[in-house]
Novice: 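Dropping the structure in here first, questions after.
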Amino acid sequence: MSPIDRRLLIHMNWFLLGLAAMLFFVGVLNLYSASGFRLEEGMSVSSFYQKQLIWGLMGFAGMITFMLFDYRHLRTIAWPLFWVTVILLACVPVIGKTIYGARRWLDLGFFNFQPSEMAKITILVIGAKILSRSSDPLNIKNLAYVVGVGLIPAGMVITQPDLGSGLNILLILGGMILYRGLTPKLFKTLALVGPCLIPIGWFFLHDYQKRRIVSFMNPASDPLGAGYHIIQSEIAIGSGRVWGKGFLGGTQSQLRFLPEKHTDFAIAVFGEEWGFAGAMALLSLFCVFLYQMVVTAREAKDLFGSYLAAGVFFYFFWQILINMGMVLGLMPVVGIPLPFISYGGSGTVVNLCLVGLVLNVSMRRYVFKQG
Amino acid sequence: MSLYESKTQQPPKNGLLLLQGLILLLFCIFALRFWYLQIHKGEYFSEQARNNQLRQDNLYAPRGLLRDRNGQLLAVNEPAYALGIVREDCKDLDATLITVSEWTGVDLGKLKKVFKKSRRRVKPFEPLILVPNLTFEQVAVIEANSLHWPGLEVVVRPRRKYLQGPLLSHVLGYVSEVDEAELENDSDLAVGDYVGKQGLESVLEKRFRGIKGRRQSEVDATGRRLKQRILNPPIAGEDIDLSIDLGLQELGGKLLEGKAGAVVVMNPDNGQILAFVSSPSYDNNAFTDGLSQKQWVALRDDPRTPLQNRVIQSVYPPGSVFKMTVAGAGLHYGVITPEDTVYCPGHMKLGKYVFRCWKKGGHGETNLEKSLVQSCDVYYYKLGKKLGVDRLSEYAFAAGFGKPTGISLPHEKGGLIPTRKWKRRRFGEIWHPGENLNFSIGQGYTLVTPLQVARSISSLINGGRLLRPQLLAGEPAEEQGVIPLTDRQREIIRKAMIETVDGPRGTARRLRMKGVVVGGKTGTAQVVKLTDELKKMKDEDIPYKYRDHAWMASFAEKDTQRYVVVCMVEHGLHGSSGAGPIVKAIYDHIFKGKKGKK
């Protein structure tokens, strides 16, 4: 089988590829602004955006890799992939490397590999496989099965401890379940029971996580920590007003009142420099980008592909929702980056690979038979 | 594998609607929020941005105070002035550092190093401590010129001050600036903070430290503070009362002045340490500002080793003060009865070697009591020979020797109790019978700390309990074990120690006091085997480093008060003359109340 034939190239969703590239370059430009003012923290002026460019190149290479094979092979290897992920996650507490007090990494010599990142991709694949067996709404038995499968890697990640990634895995799977739909009776039951579980979850949170939630409700209670971030990021964004202060013109972010401006709070720099106009443009870009996932999910040749596309949709959707919600002061501060805009190596690579996966599904939508 | 999917399998319609709905929702929420922040409240936030000159900095918490058992202050805090630099306000970093170097006399290279090391850990709008201690003159110069040098700031913070200086250095230890490793391991610490490095300051660091406060200030363009608000006030560290009696400690320090040695005063009933003197000492205040390399080397290489804590870190042969332990072993294993006698002709032969008693003419018929009172060596040679090394060392371990006492101070030594196994491992040799004889008079390989001796004497008069020595007032007694002697056996040894003081031929007669029951045991520990030439010399003519160590181990009881006092003087020659007067002076202080303290 030749990996790419001409038909595939014709049917490829070039629009989606273009959107991803645009988002990525907006991100690099923004990083240039966020890190390009004064020497700080021992990093050279250019290091953040230059590094991001390098990660981007690796990401686009990964994207092509994720397009080359027929995505339906993933269906065959879904379970082996799942168990390999579980074993890798199990290795983490035993031989893992501890960075910043959490044991999340496996040292592969040339780089530190984070199995929880892999788990996010695995959950897409295994979720798509299990859910695509039928398109009927899920009954309680099937729901329990899917959730049970998802809880294994999620629970392992949460105990690393990495609550953020663990919940991320559950949210992606949860989104895919909603995509398939529940029987009306089950839906009603869960709508009643679900909210009652929230207070129980409170007990499982670490103290610092509880503090963040309290400081979100009342930013003044922690003006130095999480509350400080929210106040400063609101000032930065708000002062951008309609047209922004112009590229490299942000005073708040440039004067370093804004913390973490190149990672989780990158969008605040953007909001300050490009104003409401820029923010709307970026938000629209994200929405059209997400819509391409929906298009792919609708036109996919099979249910497996459709669920894969929906899974990737939720992978991006939650990150955008949570990061923007946090920076805009609508949600507690949790460390989740904004896809393509925040600085970060493994995040960028995984994002672009997943775009490749969607392109893979999309370009094979007319292929009925594999040669 | 079938690659054909059923035509009836369509993507879930409702699911697709859901995804589109979610996109719409996402857009609406955030578009509205951006509109609210940037347009509706844009004016307000722009104003905020112009005024966004809020700064926050630390308010340093004073360390907890230290007092003695009677409430006398031992360690306090005084304000100190440090020079900080706020990077964000600093217009020309290089010029500023050069100026700082001129003002303070600190080498420019060192300033640059401090700055480089700390910049990663200090926020750009917070003062980074460049020079931890400024004199008043320097403060005046800096305050007068600060207008021209935006970014420079005098930071006031509490600094540790030890009121008695060297007297308590070995107990309290000292504080100085945190190092890299401590910063790594403790997220509460910041560059320039003081932490305990030795003694109780280090052991109780967490209790002494307190919690930093936070202050918010509005600053103008040059970084000057306009308005201030305390966000949270600093919380001082815990105050701690020691078991130490400052009067006794001072007396002990005075008595050991010019000598090398240690004095321990312990309450045998609860393990509380009333005096803990190690001489010579060093001034722990000197460490607060950081010693220069030269000062540090001078202190470290001082031949009198003032940094050595002689109460718990120096190990000495115990000499005759070990005889109580050997006597205890004899009684415990039933090798002797108190009535058994040994004839001492002044020496004992073992193979081709001759072991001498300190008294040339010999002690004649000697029983257990007489052997302790007159410190007869031959009695113990014979006892040691009968006991053998295994039982001797087993008993010595049970009596608390050969391992640290567990006092809450760092780097305590355990001393050494030899065993067959130890000797094989250490020298690759078997144990020789002659070594039993040395062992039984506290010579040879045996090494103990003065604190171990004090604890062992305590166990003889407190019902056999080995107590953990305590340095904090009010800390409950902590029993670590019971020595293997019956009440009657302990009483025999105790009686003999009293007779050593009271009896006409006792070696510790100078401890005698009216109205107080005092028991004691002298010890003279050989430092080197004296050559015949040295032996003929008068004491005063023997070179200092060849002179014997002098020990005095004692207890005193009056009504319900009981004390154990152990004194050890390096190269003090004889227990009774070298260490005895010191112990006597301490009892005089305690019972005659020369300084009027309980």
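Note: hydrogens, waters and symmetry copies are ignored here, and every other heavy atom, side chains too, is used. Each chain gets a letter, A, B and so on, in the order its sequence line appears, and its residues count up from 1.
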Novice: Please tabulate, one pair per line, all N/O donor-acceptor pairs under 3.5 Å involving side-chain atoms of residues 13-23 of chain B, not counting sequence neighbours.
Specialist:
none

Novice: Enumerate by number any residue of residues 314-323 of chain A whose heavy atoms lie under 4.5 Å from heavy atoms of chain B; in the absence of such residues, state 'none'.
Specialist: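 So far as heavy atoms go, A/Phe314, A/Phe317, A/Ile320, A/Leu321 are the residues that approach chain B to under 4.5 Å.
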Novice: Test of understanding: with side-chain contact (heavy atoms from CB on, under 4.5 Å), list the residues that count as partners of A/Asp136, not counting sequence neighbours.
Specialist: A/Ser134
Novice: Please step through side chain to side chain contact (heavy atoms under 4.5 Å, CB included) for the pair A/Ile130 and A/Tyr307, ending with a clear verdict.
Specialist: CA-CA 10 Å; A/Ile130 298 173; A/Tyr307 280 104; over 6 Å; no
Novice: Look at B/His40, B/Lys41, B/Arg33, B/Lys116 and state which one has the largest set of heavy-atom pairs under 4.5 Å with chain A.
Specialist: B/Arg33
Novice: Under the 6.0 Å and 45° cation-pi test, does B/Arg159 pair with B/Tyr60?
Specialist: no
Novice: Considering residues at least two apart in sequence or located in another chain, which fulfil the side-chain contact (heavy atoms from CB on, under 4.5 Å) criterion with B/Ala61?
Specialist: B/Pro234
Novice: Answer yes when B/Glu205 and B/Arg63 have at least one side-chain N-carboxylate O distance shorter than 4.0 Å, and no when they do not.
Specialist: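 So B/Glu205 pairs with B/Arg63 through a salt bridge.
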Novice: Please classify the contact between A/Phe313 and chain B as side chain, backbone, both or neither, with a heavy-atom cut-off of under 4.5 Å.
Specialist: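 Contact with chain B involves the side chain of A/Phe313 alone.
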Novice: Cation-pi check for B/Phe208 against B/Arg160: NZ or CZ below 6.0 Å from the six-membered ring centre and within 45 degrees of the axis, yes or no?
Specialist: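 So B/Arg160 does make the cation-pi contact.
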Novice: Using a 4.5 angstrom heavy-atom cutoff, name the option from A/Ala300, A/Ser284, A/Gly175 with the most pairs to chain B.
Specialist: A/Ser284
